[in-house]
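For the numbers below, each heavy atom of this structure counts, side chains included, while hydrogens, waters and symmetry mates do not. Sequence lines set the chain letters: A, B, ... in the order given, protein chains first and strands last, and positions in each chain run from 1.
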Amino acid sequence: MSSVSQKIFLKMNYWLLKTEPGTYSWDDLVKKGSDMWDGVRNYQARNNIRQMKVGDMLLIYHSVKNQAVVGLATVIKEHYPDPTAKEGDWSVVDIKPVRKLAKPITLPEIKANTKLSQMVLLRNRRLSVQPVKKEEVSILENMAGEKFK
DNA sequence: GCCAACGTTGGC
DNA sequence: GCCAACGTTGGC
């Protein structure tokens with residue numbers, strides 16, 4: 001591994017993005033090729049968006065129906081003001097899909113794994129943009145049977 | 001479809 | 001600044 005790619009690897013952070021597939025699904029993102037992650041109207045979620053860097057890995061999670069991490073995406077443009085916000089101080093990032101997971105990681109599977117009991121997904125079910133710890137990523141990778149890169 | 005949990009708003 | 005009322009998210 002070159003020192004440059006090593007730096008990028010070390011700095012890369014992981015985030016989980018929730019979306020209701022009935023409104024906007026993984027397939028919609030794939031169809032678009034890339035998209036602006038807009039409509040976030042929660043301060044904590046917005047602050048997480050503002051911490052995202054180009055190259056960060058995003059776990060796309062379907063809420064409500066067939067709850068599962070279904071695919072991987074990546075940040076291609078760092079935060080800028082949300083053009084869909086009529087008022088307030090909101091931000092978006094641009095993202096693009098990387099690939100669908102061969103085997104989605106379902107919410108019941110995540111809940112069943114005691115090592116994942118501290119995940120924000122389980123502890124703050126309303127937060128739509130959340131950080132995922134490296135240790136949690138490793139466990140999720142094992143469950144999915146593939147590396148998230 | 002219900003409702004618990006949480007965030008936000010606004011009256012005081 | 002507290003907190004009741006309200007709105008929304010998302011698991012079940």
Would the number of heavy atoms belonging to other residues, nucleotides or ligands and lying under 6.0 Å from NZ of A:Lys32 be above 12? no
Want to settle it: does A:Tyr43 or A:Arg125 sit nearer the 5' end of DNA chain B, counting the closest nucleotide to each? A:Arg125
Please list, in 5' to 3' order, the outermost nucleotides of DNA chain B lying under 4.0 Å from any heavy atom of chain A. B:dA4 to B:dT8
Does the gap between the ring centers of A:Tyr61 and A:Trp26 come in under 6.0 Å? no
Are the side chains of A:Lys53 and A:Glu78 in touch, meaning some heavy atoms are under 4.5 Å apart? yes
Is any side-chain heavy atom of A:Asp82 less than 4.5 Å from a side-chain heavy atom of A:Val40? no
How many angstroms lie between CG in A:Leu116 and CD in A:Glu136, if you round to the nearest 0.5 Å? 6.5 Å
